[in-house]
Peer 1: 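Supplied in structure tokens, the structure appears directly below.
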Amino acid sequence: DTEVTQTPKHLVMGMTNKKSLKCEQHMGHRAMYWYKQKAKKPPELMFVYSYEKLSINESVPSRFSPECPNSSLLNLHLHALQPEDSALYLCASSLGQQANVLTFGAGSRLTVL
Amino acid sequence: AQSVTQLDSHVSVSEGTPVLLRCNYSSSYSPSLFWYVQHPNKGLQLLLKYTSAATLVKGINGFEAEFKKSETSFHLTKPSAHMSDAAEYFCVVTLSGGYNKLIFGAGTRLAVHP
């Protein structure tokens with residue numbers, strides 16, 4: 001298995017909703033990442049988990065809450081989002097935090113109404 | 001500090017003609033350099049990487065890139081464009097070793113015309 005799987009592919013939510021994005025990999029990678037990508041822009045790093053511990057938080061607002069239940073799973077919990085949070089959310093993984101080749105998922109397209 | 005500049009935001013070529021996507025980087029240390037491709041509404045796929053081995057790097061789908069330290073460039077080329085090459089291409093730099101933070105260029109949108 002050489003893939004990073006993200007669900008759902010599309011999500012529409014209101015500003016008062018609570019939802020979650022999920023990411024899964026079975027490549028034995030020990031570092032996992034969340035990126036946010038706005039239209040016609042490059043991805044921006046949000047969070048890095050290394051060996052299931054939060055390693056990097058790029059000053060992301062608290063309405064985004066990451067969780068890494070085990071080495072294969074990464075969640076992003078969403079609460080009280082704003083319309084400007086609408087974007088493509090990409091999950092990625094790598095062998096370790098110092099391994100610089102990332103494998104990306106196809107992304108979850110989020111629309112906040 | 002590292003940075004990367006993609007010199008063209010849009011490139012348009014005809015099918016069967018060569019592709020050149022330009023990238024210049026700035027790094028105080030020995031960089032690792034990558035090209036990623038993103039098709040519409042898809043994630044990013046690694047095309048190729050340079051990590052201080054051979055300066056001419058071959059990637060997937062017939063793409064290659066040459067690392068030129070004197071010019072601080074890492075341009076992406078392909079001899080003959082295919083319609084399926086139409087996508088967004090990102091040049092990426094990162095430090096060798098240490099925390100793995102990718103620095104993305106702004107991207108180049110490649111259009112391929114029949």
Side-chain angles (χ1 to χ4, degrees), chain A residues 2-11 21 23-25 27 29-51 53-59 87-111, chain B residues 2-11 21 23 25 27 29-53 57 59-60 65 67 74 87-111:
Chain A
T2 58
E3 288 187 347
V4 174
T5 303
Q6 290 188 244
T7 55
K9 292 191 187 309
H10 300 275
L11 178 62
L21 305 180
C23 174
E24 190 168 1
Q25 57 86 16
M27 295 179 282
H29 289 178
R30 303 312 299 266
M32 297 185 77
Y33 309 76
W34 280 115
Y35 282 82
K36 174 182 178 179
Q37 187 178 25
K38 300 285 278 184
K40 302 186 190 302
K41 297 289 187 183
E44 299 174 0
L45 183 65
M46 301 174 72
F47 303 103
V48 181
Y49 272 83
S50 179
Y51 288 85
K53 291 191 183 339
L54 184 63
S55 174
I56 300 291
N57 177 342
E58 291 284 306
S59 303
L88 181 68
Y89 289 84
L90 294 164
C91 176
S93 68
S94 63
L95 274 173
Q97 188 170 309
Q98 295 188 4
N100 53 21
V101 176
L102 271 60
T103 301
F104 284 85
S108 292
R109 173 77 59 189
L110 173 66
T111 302
Chain B
Q2 306 88 260
S3 67
V4 60
T5 302
Q6 293 184 241
L7 298 166
D8 307 291
S9 58
H10 291 84
V11 170
L21 305 183
C23 173
Y25 71 91
S27 176
Y29 303 92
S30 177
S32 293
L33 292 156
F34 308 82
W35 278 97
Y36 281 87
V37 61
Q38 186 175 30
H39 288 91
N41 298 311
K42 300 289 187 184
L44 280 75
Q45 180 183 20
L46 180 67
L47 274 180
L48 48 81
K49 63 177 180 178
Y50 167 78
T51 53
S52 76
V57 182
I60 62 171
F67 174 71
F74 190 58
E88 189 84 19
Y89 291 79
F90 293 100
C91 183
V92 178
V93 65
T94 186
L95 279 178
S96 295
Y99 164 52
N100 173 29
K101 180 171 182 176
L102 306 186
I103 309 297
F104 284 83
T108 298
R109 180 160 297 274
L110 175 66

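If you're wondering where the values come from, they're calculated on a predicted model, not measured in any experiment. First the proteins, then the strands, lettered A, B, ... as listed; each starts at 1.
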Peer 1: CZ of B:Phe90 to CD of A:Gln37: how many Å apart, nearest 0.5 Å?
Peer 2: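 Reported to 0.5 Å precision, the distance equals 5.0 Å.
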
Peer 1: Of the backbone (N, CA, C, O) and the side chain (C-beta and beyond), which part of B:Leu44 lies under 4.5 Å from a heavy atom of chain A, both, or neither?
Peer 2: both

Peer 1: Side chain, backbone, both or neither: which part of B:Lys42 has an atom under 4.5 Å from a heavy atom of chain A?
Peer 2: backbone

Peer 1: At what distance, to the nearest 0.5 angstrom, does CZ of B:Phe34 lie from CG of A:Leu102?
Peer 2: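 Reported value, rounded in 0.5 Å steps: 8.0 Å.
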
Peer 1: Report the residues that fulfil side chain to side chain contact (heavy atoms under 4.5 Å, CB included) with B:Ala111, sequence neighbours left out, ordered by chain and then residue number.
Peer 2: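 Residues passing side chain to side chain contact (heavy atoms under 4.5 Å, CB included) with B:Ala111: B:Ser12, B:His113.
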
Peer 1: Using 0.5 Å steps for rounding, measure from the CD atom of A:Glu44 to the CZ atom of B:Phe104.
Peer 2: 10.5 Å

Peer 1: Quick one: what part of B:Gln38 sits under 4.5 Å from any heavy atom of chain A, side chain, backbone, both or neither?
Peer 2: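 Just its side chain gets close to chain A.
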
Peer 1: Excluding sequence neighbours, so at least two apart, what forms side chain to side chain contact (heavy atoms under 4.5 Å, CB included) with A:Ala87?
Peer 2: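 Counting only residues at least two positions away or on another chain, A:Ala87 forms a side chain to side chain contact (heavy atoms under 4.5 Å, CB included) with A:Lys36, A:Lys38, A:Tyr89.
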
Peer 1: List the atom of B:Gly105, the atom of A:Pro42, and the distance in Å for their closest heavy-atom pair.
Peer 2: O-CB, 3.4 Å

Peer 1: Once rounded to the nearest 0.5 Å, what's the spacing between atom OH of A:Tyr35 and atom CG of B:Leu102?
Peer 2: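 Between atom OH of A:Tyr35 and atom CG of B:Leu102 there are 4.0 Å.
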
Peer 1: Highest number of heavy-atom pairs under 4.5 Å with chain A: which of B:Leu46, B:Val92, B:Asn41?
Peer 2: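 Maximum pair count with chain A is reached by B:Asn41.
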
